[in-house]
Amino acid sequence: MSSVLVVHGGAWAIPEELARPSVEGVKAAARAGSSVLRSGGSALDAAEAAVRSMEDNTVFNAGHGATLNAEGKVELDAIIMDGKTLAAGAVSAVKNIANPVSLARAVMEKTSHVMLTDTGANLFAESIGIRTVPADKLVSKFEKKEWEMNKKFATGVMEDFSIQWAHDTVGAVALDSSGNVACATSTGGIRNKMVGRVGDSPVIGCGGYADNSLGAVSCTGHGESILKVTLARLILSHVEQGKSVADASKLALKYMGDRVQGGGGAVVVSPSGQWAATFTTQRMAWAAVERDELWYGLEQNERLKDQL
C-alpha cells in the first residue's frame, strides 16, 4: 500500500507577511513526515515528526510559535492517536515544553491515562526527562507585538478568530504501508484566551481522531465551535456513511458554520489512501505527500505541486 501524509498549519486569515513562510513551513513538515514513511516508519511516527517540525517553526501557533493568553503566558495543547489500537494521548495547558505532541505520545505510551493537564502534565514531563525550555523562548517577536496591540482592543476570542490577529493550530494525518492511520494536532490556542482555557485540539473526536476502519482527521479552527460539533468524529461519521473524505469534510465544516457559526478546516486520510485538505476560513496552509509527489495550497481551491 502507498503511504500518504497530509499536514495543515492552521485555518485562519493568514496575513501576507506570513503567507509564504506558512506554505514553506507546511511543505517542510510534509517532507519530514513523509521521510519517516519512506524509511519504513509508522503512521504514528510520521504524524509526530510532521507536527514536531511545525512546533519548531515560529511561523505556527504551536510550540515555539505559541500565542499568549490574557495574562501574556503560554499554554499549549496537543493530541496524538493511533488508528490501529485507538490508543491516544493528550496534554493541555502545559508550559515550558517545546514539543507538546511528543509529551502527548508519552502520555499514551507510558501512562494508563489519555490526557494530562497543566501542572500534572509538566510534572510528568519532568519525571520522564522531557526537556523544558524557558517560556519566553516559545514566543516569537511577531506574537509579542500582536499581543501588545491586541490587548488594547475590547474583543473576545471569537472576534479575534475572524480577523488577522488570530493564529491557529497545526496538525497531521498519515497512512503507512501497513495500512495503519494516525493523527496528531498541536496548538497554543487563541490569542488573549482566558487562563486555563482548553480548546478542541487535545480532545479526542474534536481536534483529532484516528481509526483504521475509517481514517484519520486533524482539525483546525475556532476551538469552541469544533468542540460543540465534535468535528473530527463528525467528518468520519460521514465517511462511514459512504461519503468521500473531501465531501465528508465539506459537509461537516458547513454544518459547523451553519449550526454554531464557526470557521475551520481539516486534513483527512482514508485507509485506502484517499485524502483531502478542506477549510472554510480565508486561508489554510496545507501540504500532502502521495506517491512521491508533494502537493500544497493556501487559498481556496488551490492545489499546486512541488518537488519532494
Side-chain angles (χ1 to χ4, degrees), residues 1-11 21-57 59-65 78-84 88-89 98-105 108-109 169-187 201 207-210 212 215-220 232 245 265-271 273-277 284-298 303-308:
M1 176 175 290
S2 297
S3 60
V4 178
L5 182 100
V6 195
V7 306
H8 69 76
S22 294
V23 169
E24 293 304 315
V26 292
K27 286 160 67 175
R31 290 182 176 111
S34 66
S35 175
V36 172
L37 292 173
R38 291 197 307 277
S39 63
S42 69
L44 200 66
D45 292 337
E48 180 186 9
V51 169
R52 281 181 64 99
S53 173
M54 290 182 284
E55 288 176 336
D56 291 340
N57 188 334
V59 168
F60 301 112
N61 175 17
H64 286 88
I79 192 173
I80 193 165
M81 189 167 182
D82 184 351
K84 182 179 180 180
N99 295 112
V101 70
S102 294
L103 180 57
R105 183 166 181 176
M108 178 181 76
E109 295 179 339
T169 307
V170 305
V173 294
L175 168 71
D176 62 31
S177 59
S178 298
N180 298 313
V181 299
C183 73
T185 307
S186 182
T187 189
S201 296
Y209 198 81
N212 275 9
V217 183
S218 174
C219 296
T220 172
V245 293
V267 291
V268 191
V269 66
S270 74
Q274 187 183 78
W275 61 271
M284 183 178 82
W286 64 269
V289 176
E290 175 189 28
R291 296 186 183 90
D292 295 326
E293 293 183 322
L294 175 64
W295 300 91
Y296 68 95
L298 179 70
R303 183 164 164 154
L304 305 171
K305 192 162 84 166
D306 200 356
Q307 296 294 321
L308 183 58

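These values consider heavy atoms only, across backbone and side chains, with no hydrogens, waters or symmetry-generated copies. Just so you know, residue 1 is the first one in the sequence shown, and it goes up from there.
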What are the two closest heavy atoms between Ala216 and Ala182, and how far apart are they? CB-O, 3.4 Å
For the pair Leu103 and Met108, evaluate side-chain contact (heavy atoms from CB on, under 4.5 Å) and give the outcome as yes or no after the intermediate values. CA-CA 9 Å; Leu103 180 57; Met108 178 181 76; over 6 Å; no
Apply side-chain contact (heavy atoms from CB on, under 4.5 Å) to the pair Val173 and Val268, showing each step before the final yes or no. CA-CA 6 Å; Val173 294; Val268 191; 5.8 Å; no
I need the minimum non-hydrogen distance between Ser39 and Val36, along with the two atoms involved. OG-O, 2.9 Å
Looking only at heavy atoms, the pair that brings Ser22 and Phe60 closest together is O-CZ, 3.5 Å
From the options Ile79, Val170, Thr169, select the one residue that forms a side-chain contact (heavy atoms from CB on, under 4.5 Å) with Thr187. Thr169
Hey, is the main chain of Glu55 close enough, under 3.5 Å, to the side chain of His64 for a donor-acceptor pair? yes
So Trp286 and Val7, do their side chains get closer than 4.5 Å, heavy atoms only? no
Could you pull out the closest heavy-atom pair between Ala47 and Cys183, with the gap in Å? CB-C, 4.2 Å
How close do His8 and Ser218 get, heavy atom to heavy atom, and via which atoms? NE2-OG, 3.0 Å
Criterion side-chain hydrogen bond (donor to acceptor under 3.5 Å, both in side chains) on Glu290 and Trp295, from CA distance to verdict: CA-CA 8 Å; Glu290 175 189 28; Trp295 300 91; 4.5 Å; no
When Val181 is tested against each of Leu44, Leu175, Val217, Val4 for side-chain contact (heavy atoms from CB on, under 4.5 Å), which residue passes? Leu175
Asp292 and Arg38: side-chain contact (heavy atoms from CB on, under 4.5 Å), yes or no, with the steps? CA-CA 9 Å; Asp292 295 326; Arg38 291 197 307 277; 3.7 Å; yes
Any side-chain heavy-atom pair of Val59 and Met54 under 4.5 Å: no
Give the C-alpha distance, both sets of side-chain angles, the deciding distance and a yes or no for side-chain hydrogen bond (donor to acceptor under 3.5 Å, both in side chains) between Ser35 and Arg31. CA-CA 6 Å; Ser35 175; Arg31 290 182 176 111; over 6 Å; no
Check salt bridge (Lys or Arg N to Asp or Glu O under 4.0 Å) between Arg52 and all other residues, then give those that pass, not counting sequence neighbours. none
Which heavy atom of Ala46 sits nearest a heavy atom of Ala174, and at what distance? CB-CB, 4.2 Å
For the side chain of Glu48 and the backbone of Ile80, is there at least one donor-acceptor N/O pair under 3.5 Å apart? no
Going by salt bridge (charged side-chain N to carboxylate O under 4.0 Å, His left out), name the pairs with one or both residues in residues 173-186, residues two or more places apart or in two chains. none
Using a 3.5 Å distance criterion without hydrogens, assess whether the side chain of Thr220 forms a donor-acceptor pair with backbone atoms of Ala11. yes
Kindly indicate, with the supporting measurements, whether the criterion salt bridge (charged side-chain N to carboxylate O under 4.0 Å, His left out) is fulfilled by Arg105 and Asp82. CA-CA 10 Å; Arg105 183 166 181 176; Asp82 184 351; over 6 Å; no
Nearest 0.5 Å, please: how far is OG in Ser34 from CG in Leu308? 5.0 Å
I'd like to know whether Ser201 forms a side-chain hydrogen bond (donor to acceptor under 3.5 Å, both in side chains) with Thr185, so could you lay out the CA-CA distance, the side-chain angles of the two residues, the decisive distance to 0.1 Å, and finally the verdict. CA-CA 6 Å; Ser201 296; Thr185 307; over 6 Å; no
Working note: Tyr296 + Asp306, criterion side-chain contact (heavy atoms from CB on, under 4.5 Å); need CA distance, chi angles, decisive distance, verdict. CA-CA 8 Å; Tyr296 68 95; Asp306 200 356; 3.7 Å; yes
